[in-house]
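We count residues from 1, following the sequence as given.
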Amino acid sequence: MESESTAASPPSSTDAVSAKMQEGFRNVLIQGGVGLLMGGMAGIVLSRGGPSSARKVLAGFGGGIGAGSAWTKCSISIDELLSASSSS
């Protein structure tokens, strides 16, 4: 019976922020990995031949862009959630 009463109550803002943070961390990992992969592929295509650190730089740059965009989306989502809950 106790689980029925907690399921009926709306989630608190702390729980909602926690859920958004978990989703954001998951997206950072996924989009960072995709960016790393895409940057690595771009490094292979753009810096052919010879030992060069350009491939590593491009892969790191792609990973940073992917992780940064995911974190920015998460931050905006949390800000919108908190501003909506404070105005209610």
Side-chain angles (χ1 to χ4, degrees):
M1 283 196 266
E2 205 174 307
S3 63
E4 291 175 12
S5 64
T6 57
S9 64
S12 68
S13 62
T14 306
D15 293 338
V17 169
S18 176
K20 290 285 184 184
M21 287 295 291
Q22 288 177 353
E23 180 183 344
F25 285 136
R26 185 177 58 245
N27 287 342
V28 164
L29 290 175
I30 292 170
Q31 290 183 359
V34 169
L36 191 65
L37 180 66
M38 297 301 282
M41 288 174 28
I44 290 171
V45 170
L46 295 176
S47 60
R48 295 182 186 183
S52 172
S53 62
R55 292 179 186 167
K56 294 175 187 173
V57 169
L58 287 171
F61 184 69
I65 289 197
S69 68
W71 185 254
T72 301
K73 288 177 186 177
C74 178
S75 177
I76 290 170
S77 176
I78 290 172
D79 287 342
E80 288 174 352
L81 177 72
L82 292 177
S83 67
S85 67
S86 66
S87 66
S88 300

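- Applying the side chain to side chain donor-acceptor pair (under 3.5 Å) test to every pair with at least one member in residues 18-41, sequence neighbours left out, gives these pairs: K20-S77, Q31-S69.
- Here the CD1 atom belonging to I65 is positioned 3.5 Å from the CZ atom belonging to F61, to the nearest 0.5 angstrom.
- Transitive grouping of hydrophobic side chains (ILVMFWY, heavy atoms separated by less than 4.5 Å) brings L81 and M21 into a common cluster.
- Counting only residues at least two apart or in different chains, side chain to side chain donor-acceptor pair (under 3.5 Å) contacts with residues 35-44 are absent.
- The same ILVMFWY cluster, assembled from side-chain heavy atoms under 4.5 Å apart, contains both I78 and V28.
- Between M41 and V45 there is no side-chain heavy-atom pair separated by less than 4.5 Å.
- Listed for the R55 side chain is a donor-acceptor partner under 3.5 Å among the backbone atoms of S47.
- Put simply, the side chain of S75 never gets that close to the backbone of W71: no donor and acceptor are under 3.5 Å apart.
- In terms of hydrophobic clustering, with Ile, Leu, Val, Met, Phe, Trp and Tyr side chains grouped at heavy-atom distances under 4.5 Å, I44 and M38 are assigned to different clusters.
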